[in-house]
Amino acid sequence: MSTRSQLTKDLNDSVTALLGKRIKILLKNVVKLETKGDKTENRVLVFSPCRLFLLTAKVPTRIDCHYHYLEIKGIETRKENTLSFLIGDKWYTFVCQNGEVETMLHALCAALQVIFPGVPLQQVVDRVSVDGFQQIIPDPPPQPPCGAFSTQYACMCDYHGLPYREEVSWDVDTIYVSHNTRELSLKDFDHLEPKDMVPIISALEHNRWFTGFRAANVKLTHEAMDRILHVFSRSITLESLTLHNLSLKADFINRLCTAITSNPNTPLNALDLSNNPTIEDKGVCGICTILTKLVQEGKGISHLNLSQTGLSPKGVALLTQTLANLRPLTLTYLNLSGAAIREDINGLLSLLAEPNAITHLDISNTEIVLDTVFGALLRGCSTSLVHLNLSKNGFSVKKSKEMPPSFKQFFTSTLSLKYLNISHCKLPMEALKNLLLGLACNESTVGLDLDLSCNALGAHGAHVLESCIHGVRALSSLDISDNGLEGELGGVVAAVGKNKSIMELKLCRNLVGMKPKHITPVVESIVHTIQEEDCPLQMLSLTDCKLKSEIHPIINALGSNQCLTTLDISGNGMGDLGARLLAKALQTNCKLRSILFDRNNISLQGFADIAYAMASNYSVVYVGCLLHDVLPCMKLSPEKTEQALSSIYKALYRNSDPNNTQALRRQHVFARLQDIAEGGDLTTPIQQKLASASHEVASILQKHVSGRVDEMITTAEELCGQRVMSERLKSDLRASVAPRLVVDQEFLSSVVVTQPTTQLSLKASEMGLTAATHLAEKITDEVVDLLNKTQTCLVGGKRSSTPDVLRTMPRQINDPLHPLKLEYLNLATPQLINRRKSLHSRKLRPNSVVDTVSAEHIPDLLPSINNSPQDQSITDSLDSVCEGAGQRLQHLVKGRPKRLKTRAPSRPNHPNSFPDSEDLDSTDNQSTASEMSSSITKPRPWSTIDKSDICSEASTAANTPDSPDTPSILSEGDKRSVRDIAASINKHELDSKVT
């Protein structure tokens, strides 16, 4: 009689009532449990999805004991119709009827296959000794999402006696699956209690989906740390382990070493223990043991990050010597930053000098002398190295010592280098020169990102950069921030503009504290560089330069700029006026995609101006975080601030729409040329061509999807079997899915025809407008040159009416505020110039009147009040004589003549004496004649003529008889011509010499 028949209805109902509805019963069977000797007792053995229950065979029944499947350490069938389980240190033997052993083993294996799909029973249970075991194992079920992580997590919650968090399963089954993420990060669950981390970690023990584990910046309990060790002692799929900033100590590293070495099938090849400064040298031995295990018995080590782990020179020497002895050809990533290497560098040099596959090397802040490293890099890393970080180290202190030849040879021979960081190294000039010359000779390296920031290069470094950087074609990005280049920065920027490969330039903090006289040339150089037609710069950073109003020319140059796509002017304090100029630039610029302008002391008015400008801008999609400037505005007027920011971000969202047609900017030159550029029917032929191509695209898409469906049905047939996937079912599946495979013609027309046609038409218009602008500029320049030549020919033969005595004086006053030229009084009338501006100046927006006119620049308008006819005639005569004066007079009243004398002089006039005149406008003709004679006999250039001389000569010229219409300011007895005065002076000098 079968024991199953002994499971009466009352006993069955009692078992069901005891376990309740929450526990699913897979199998329940009445068995005999062996006790002491040959004695047996009846028990009810119940198999649930996760646990094994042993109940009494009486009504009402009770639970005698229960065990989780993971507590089973061994399974044996010692005798016929007996089944034994090793749980802990105790064996439980059950006597069954014929065929019931296979039934119970099948139920157990089926339950384990649901929890751990695809995992052999021998990996879950250590000891399995069952005859005919392979025939008992059921077929594996279909692979669920993330390798049944949710089921494993629920199983581990039951194993540890912790509550099941449904959100964990949802996050993994939804987020991780959608992104195809194979690395489990505890950062996704750090909002839970620390104890809830234990089952999440334990679920990785037999999971086949995840290949990496990351715990960074989270607080883990001792139990959670123990579970990490247990998981890596048994996992056969986890290839990477990241334990970042967990305050690990050397004891944990040694235990980790024991766990990894005890796993004979570990696939681990990436180890990250960074930012755990308490590991120190005590944990180096454990790390070396792990590396030896992985290189000699495993897949090798490919990623090793030990930055900021508190290693001393002795510990680093042991580690690097171990790596040098192992010669891991699979190592591609090595990070030892923050370790104190100092002079114990032989092990590292031995590792780097051997042929290796390292692509990422970070030895920053290791206190090594960089002169000694490049010889090893040249021998072993010149072909594969991509990322090299040497920052915060130093070079040899001997200034007169030349750099070793290997330094320059490495940069000449490197083939794959893409990033080089030599910041904070106090780079010697000789090293900088060899670095640039080596890269200039390298024809294989392209797209290199070079960071030379914070090296205190100074003027000497600027000269080296200016002379070498234009020939370094390997660079695509250059960072020379915070180098104290002072006024020499302008030359460096100009040299960078000549390099057609550099697309990113960072000049952060280089202009802080610079003298104003040096800032202007630098700003002008930047403006000139970005205005070049063939300028390759796409990104410019001027962060924290504190330029204030000095940045206005750069902002004005953005309006017509056609090269920059990213601009960072944060931390310059440009204020609301700078924001207004930026708004004007954004209204015309159609190239910028990203602009950062926080920390500029912008108020609500500035944000309102930018919001207004963004309504007309269709290219900017990113403005960064405006936190620092927005917070004060939110305190003063939160509603208006929110409104301005909302307008800005709505415009950004509009611009980021892929269907947005970017507005082009027309220039105010040759409108007919621009009409021709935008004319023509390009849309129709493009649409016709794309419409014919859309049918071919639809057919390709249809074939592709149909092929995928057929492959899905074939896979389902392999998983479910032919009995389930009959021909009828397959036909029904194809028929039911067919309507879902029809390509939407409207969607296809939009993607293949409409959108490409719009983009191509826009590009054609943009190219046409660019060509029209270029042609107009060139033609205009040619016309201006021809007009200038014609003017020169027409005016060149006309004789000037200027007296010979004043021929050496300039012809024109360039200062519009000169007191003798009153055109500046008509402030509402624009000053028209004869000569057309250059191409660069035409592209720049003129300075704002708010920025240029201040109390210091307002001219004195008092001279215009004097309406005396005599003074007016005097002023007109002075204007006619001194029209070319290039320097301003000190006082506007200097040109006013004194009143006529009505009394005779107290002292007689002696013709042989030349008294010194205390007043510049004295009527003493002897002094005037002396000055005129001196100017005739020995003419001086205009730069040496003093302002007082100008007034004296102007006064004398005004009293000469060559101007009959000019009223004389000399007395009747003193009227003489200039020639008479000069003749008398020459005669006097000749008589003096004879005497």
Donor-acceptor contact below 3.5 Å, side chain [X] vs main chain [Y]:
X	Y	result
Ser647	Gln643	yes
Asn617	Val620	yes
Asn499	Val472	yes
Ser391	Ser423	no
Ser453	Ser481	no
Asn483	Ile480	yes
Asp479	Leu452	no
Ser467	His463	yes
Glu504	Gln538	no
Asn389	Leu420	no

Straight-line distance of Leu505 CG to Thr529 OG1, nearest 0.5 Å: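 That separation rounds to 9.0 Å.
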
Straight-line distance of Leu457 CG to Leu489 CG, nearest 0.5 Å: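 One gets 11.0 Å once the value is rounded to the nearest 0.5 Å.
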
Verdict with supporting geometry, Leu592 and Thr565, side-chain contact (heavy atoms from CB on, under 4.5 Å): CA-CA 4 Å; Leu592 274 178; Thr565 59; 5.6 Å; no

Residues Ser337, Lys392; criterion side-chain contact (heavy atoms from CB on, under 4.5 Å); working and verdict: CA-CA 10 Å; Ser337 62; Lys392 298 182 181 180; over 6 Å; no

Geometric class of the Phe597/Phe607 ring pair [parallel <30°, tilted 30-60°, perpendicular >60°]: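 Tilted.
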
All salt bridge (Lys or Arg N to Asp or Glu O under 4.0 Å) counterparts of Asp576, not counting sequence neighbours: none

Verdict with reasoning, Met539 to Ser541, per side-chain contact (heavy atoms from CB on, under 4.5 Å): CA-CA 7 Å; Met539 184 270 183; Ser541 178; 3.7 Å; yes

CA sep, side-chain torsions, deciding dist, call: Leu540, Ile526, side-chain contact (heavy atoms from CB on, under 4.5 Å): CA-CA 10 Å; Leu540 177 63; Ile526 295 174; 4.0 Å; yes

Taking NZ, NE, NH1 and NH2 as the nitrogens, is one of them in [X] or [Y] under 4.0 Å from a carboxylate oxygen of the other?
X	Y	value
Arg599	Asp544	yes
Lys500	Asp534	yes
Lys187	Asp190	yes

Can [X] and [Y] be counted as having a side-chain donor-acceptor contact under 3.5 angstrom?
X	Y	result
Asn600	Asn572	no
Glu532	His528	yes
Tyr176	Asp188	yes

Asn655 and Tyr653: CA distance, side-chain angles, deciding distance, side chain to side chain donor-acceptor pair (under 3.5 Å) verdict: CA-CA 5 Å; Asn655 296 347; Tyr653 177 76; over 6 Å; no

From Leu417, Leu478, Ile502, residue fulfilling side chain to side chain contact (heavy atoms under 4.5 Å, CB included) relative to Leu450: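 The passing option is Leu478.
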
Side-chain touch Glu524/Thr520, heavy atoms, less than 4.5 angstrom: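 SC-SC contact between Glu524 and Thr520 confirmed.
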
cation_pi(Arg593, Tyr622) dist<6.0 Å, angle<=45: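 No, Arg593 does not sit over the ring of Tyr622.
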
Residues Asp598, His628; criterion side chain to side chain donor-acceptor pair (under 3.5 Å); working and verdict: CA-CA 6 Å; Asp598 196 23; His628 292 80; 3.0 Å; yes

Side chain to side chain donor-acceptor pair (under 3.5 Å) between Ser274 and His244, worked out: CA-CA 5 Å; Ser274 59; His244 175 79; 2.7 Å; yes

Audit row: Thr543, Asp568, side chain to side chain donor-acceptor pair (under 3.5 Å) steps and yes/no: CA-CA 6 Å; Thr543 307; Asp568 189 352; 2.9 Å; yes

